[in-house]
Amino acid sequence: MATVTESPTITGVFVVDPRVFGDERGVFVETYRREWIPRAGREMVQAHRADRQAGCIVGLHYHLHQADYWYVPTGTARAVLHDLRAGSPTDGATLAPDLGATADGGHDH
């Protein structure tokens with residue numbers, strides 16, 4: 001089972017550390033399971049894949065009625081999150097986790 005923790009920096013942001021199973025044939029990772037995120041959270045309604053070149057910056061965007069779930073299968077990516085929710089206990093907080101492969105071939109988040 002994956003390890004799921006709520007960010008102490010931004011309320012409602014959850015970090016998933018998936019279990020990676022591997023042998024000489026390759027690896028298997030369960031990347032998402034609905035029950036990992038509490039029901040109070042917004043539903044994940046879309047999934048996308050983007051392959052970017054090193055050093056690429058992707059533009060700012062935000063959602064009013066859905067959640068993002070990021071999984072970085074190769075390399076690393078820095079996700080910068082900023083809480084714009086007026087009245088949120090963490091309004092104005094910024095979180096910048098590095099996501100993706102670790103030196104041992106596993107995944108950070």
Side-chain angles (χ1 to χ4, degrees):
M1 180 66 85
T3 302
V4 181
T5 55
E6 186 169 11
S7 166
T9 306
I10 299 180
T11 301
V13 171
F14 294 87
V15 177
V16 176
D17 187 10
R19 286 190 62 192
V20 178
F21 300 92
D23 59 24
E24 66 280 354
R25 300 169 295 171
V27 298
F28 174 81
V29 181
E30 183 176 31
T31 59
Y32 177 78
R33 185 178 287 250
R34 177 62 188 115
E35 65 254 20
W36 292 346
I37 310 302
R39 294 281 182 218
R42 293 192 170 137
E43 186 71 44
M44 186 178 91
V45 297
Q46 295 177 350
H48 306 277
R49 178 178 172 152
D51 296 312
R52 308 286 187 193
Q53 294 184 10
C56 178
I57 297 175
V58 179
L60 173 69
H61 71 280
Y62 68 96
H63 302 291
L64 295 175
H65 304 290
Q66 73 185 53
D68 282 339
Y69 185 91
W70 298 328
Y71 177 71
V72 180
T74 60
T76 58
R78 175 165 290 155
V80 180
L81 310 172
H82 186 77
D83 190 350
L84 296 171
R85 301 169 296 172
S88 163
T90 53
D91 184 13
T94 300
L95 176 65
D98 290 324
L99 310 174
T102 61
D104 65 2
H107 283 83
D108 286 334
H109 309 294

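Atoms considered below: every heavy atom in the structure, side chains included; atoms not considered: hydrogens, waters and symmetry mates.
Residues P18 and A2 share a closest heavy-atom pair of CA-CB, 3.8 Å. Listed here is the closest heavy atom pair of D91 and L84: OD1-C, 4.0 Å.
Note on I57: it does not cluster hydrophobically with L60, by side-chain heavy-atom contacts below 4.5 Å among ILVMFWY residues. A single hydrophobic cluster is not seen to contain both V29 and F21; linkage of ILVMFWY side chains at heavy-atom distances under 4.5 Å, directly or through other members, places them apart.
The closest side-chain heavy-atom distance from V72 to L99 is below 4.5 Å. R85 places a side-chain heavy atom less than 4.5 Å from the side chain of I10.
D51 contributes atom CG, which lies 6.5 Å from atom OG1 of T74 (distance to the nearest 0.5 angstrom). With rounding to the nearest 0.5 Å, the separation of CH2 in W36 from OG1 in T31 is 6.5 Å. Atom CD1 of I37 and atom CD of E6 lie 9.5 Å apart (nearest 0.5 Å).
The only member of T5, L95, D83, D68 that meets side-chain contact (heavy atoms from CB on, under 4.5 Å) when paired with V13 is L95.
The backbone N or O of T11 lies less than 3.5 Å from a partner atom in the side chain of T90, making a donor-acceptor pair. Counting only distance, with no hydrogens or angles, the side chain of Y62 and the backbone of H82 share no donor-acceptor pair below 3.5 Å.
Ring orientation note: the planes of Y32 and Y69 are nearly perpendicular, at an angle over 60° on the 30°/60° scale.
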